[in-house]
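One structure is given here, and the rest of the page talks about it.
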Amino acid sequence: MRRVAITGIGAISALGSTVREFWDALAAGRCGIGPIEQCDASSLRFRHAAEVRGYRAADHFEGKKLDYIDRFAQFAVIAGREAVAQAGIAWSDELRERTAIVTGACVGGQTTEDVGFFELYAKNNPRVNPLTIPRVMANAGASHLSMEFGVTGPAWTVSTACASSAHAIGQAFQLVRSGAVEMAITGGSEALFSLGHLKAWEAMRVVSPDTCRPFSRDRSGMILGEGGGMLVLEPLDAALARGAEVLGEIAGFGMSADAHHLTQPSAEGAARAMRSALRDAGVDALGYVNAHGTATQVNDVTEARAIRAVFGDRVPLVSSTKSMHGHALGAAGALETIATVLALRHGVLPPTVNWREEDPEVGLDVCANEAREVAVEWGMSNSFAFGGLNAVLVVRRA
Amino acid sequence: MSDIEARVLKAIAETQRVPVDRVTVETPFEELGIDSMDAVNILFALENEFDISIPDEAAKQIRSIREMVEGVEKLVAAKPAE
């Protein structure tokens with residue numbers, strides 16, 4: 001089986017609209033969380049989020065194309081453009097046919113849906129905009145990417161809540177590794193800030209009224225985020241042969257289902273996915289775990305228990321970059337995989353910021369508040385979705 | 001140009017994001033880059049502009065901007081007086 005290189009990455013998030021800004025913020029421990037701006041949050045019990053600030057869609061999309069693409073799919077295309085440009089792909093018709101696009105999305109274009117339903121239910125407008133359907137569909141990101149680059153190979157979208165883009169990257173990795181395709185553009189995107197959707201999160205009672213403090217004893221819940229992350233994958237040999245810069249490798253992928261509970265995570269399920277990913281990569285220890293680390297009470301202790309169980313007396317350094325870019329749902333796995341790639345590449349492990357107090361139930365070194373300079377060859381990115389569906393990627397330094 | 005015609009042309013121009021002076025009853029759909037999805041979007045704009053409901057059968061028959069104007073005129077004329 002072929003080794004799989006990452007030759008392009010793109011990211012737009014609360015930390016900025018490019019990978020450079022993303023990494024500069026992560027390495028500096030800069031938090032992208034602030035007051036909610038996209039809708040009136042005055043009726044919510046929480047007021048903070050990790051939004052893409054200062055974003056103007058018209059800077060990225062022209063004319064009527066803007067009307068046809070929801071914010072979540074815009075983020076997919078913007079991240080895809082950056083990743084593809086970095087990879088320096090010389091497109092041919094043959095390569096376009098042998099390239100896959102696999103994206104993740106959790107709630108798709110639900111802000112568009114919210115606007116349409118508000119017109120219908122609240123303003124008694126009997127008509128809903130006909131562009132609602134093509135804007136809302138969760139595969140819109142994949143479809144727009146295929147049109148953007150003329151990619152005619154296999155393309156689809158995975159939806160597994162908070163693990164969506166980790167599952168997407170894992171599937172794209174398998175396609176490239178097996179030889180089913182010669183290249184893949186993969187990742188995920190999300191843009192969830194409508195009042196209706198935020199009200200549903202409020203009712204779940206898992207969002208922090210304050211900020212995101214993963215693994216800290218006084219953590220108070222997750223902070224919602226948005227954005228997009230995309231990677232270009234290709235066989236390592238082909239990447240080296242064409243002189244592409246290899247940023248890292250996707251080396252292993254593991255999945256599992258908890259078969260337990262819709263919202264309560266299981267340490268056993270998480271551990272099974274981590275062990276499966278390690279086995280797939282052919283390693284039994286590694287230096288860094290980019291945790292799912294949502295900062296809910298239950299996730300963080302459960303994940304910590306799983307990490308300790310998997311690694312025994314060789315527990316790696318851990319951090320949750322959600323403390324800076326928030327929980328971007330369907331974009332989370334992609335943003336965090338990119339964070340992991342960059343951590344190994346720079347030999348700098350991004351911190352868990354906003355951390356204040358040791359939690360004896362966690363029992364991990366979570367790189368509290370300050371990045372660590374550590375040379376690490378192998379890293380892991382964890383994604384554990386509501387519904388008990390887990391996806392874990394193992395990344396190797398180039 | 002009737003008031004209705006002017007409002008139809010304006011709705012088309014706004015939906016297609018083109019200057020309104022490019023749109024006349026003679027302008028072919030192709031010239032404005034109007035595809036099937038755009039056409040549906042224009043019908044939505046016309047329904048909102050005139051508060052009418054354009055039946056699916058009538059929508060399928062429309063082949064030109066002139067027919068759009070004529071169709072809207074008929075539906076507006078058929079509206080019950082307020």
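Every value quoted in this text rests on a predicted model; they were computed, and no experiment measured them. Letters go in sequence order (proteins before strands), and every chain restarts at 1.
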Please determine if Glu14(B) and Lys10(B) form a salt bridge, counting it only when a charged side-chain N lies under 4.0 Å from a carboxylate O.
yes
For Arg56(A), check salt bridge (Lys or Arg N to Asp or Glu O under 4.0 Å) against everything at least two apart and list the hits.
Asp59(A)
Flag the one option from Thr15(B), Asp38(B), Val40(B) with the top tally of heavy-atom pairs under 4.5 Å to chain A.
Asp38(B)
Full working for ring pair (Phe, Tyr, Trp, His ring centres under 6.0 Å) between Tyr68(A) and His144(A)
CA-CA 10 Å; Tyr68(A) 282 76; His144(A) 282 287; 8.5 Å; no
Of all the residues in residues 123-142 of chain A, which have a heavy atom that comes within less than 4.5 Å of a heavy atom in chain B?
Asn125(A), Arg127(A), Val128(A), Asn129(A), Pro130(A), Leu131(A), Pro134(A)
By side chain to side chain contact (heavy atoms under 4.5 Å, CB included), which residues pair with Glu148(A), not counting sequence neighbours?
Lys65(A), Val77(A), Arg81(A)
Who pairs with Ala180(A) by side chain to side chain contact (heavy atoms under 4.5 Å, CB included), at least two apart in sequence or on another chain?
Leu175(A), Ser178(A)
Quickly, which of Gln38(A), His60(A), Gln74(A) forms a side-chain hydrogen bond (donor to acceptor under 3.5 Å, both in side chains) with Tyr55(A)? Name it, please.
Gln74(A)
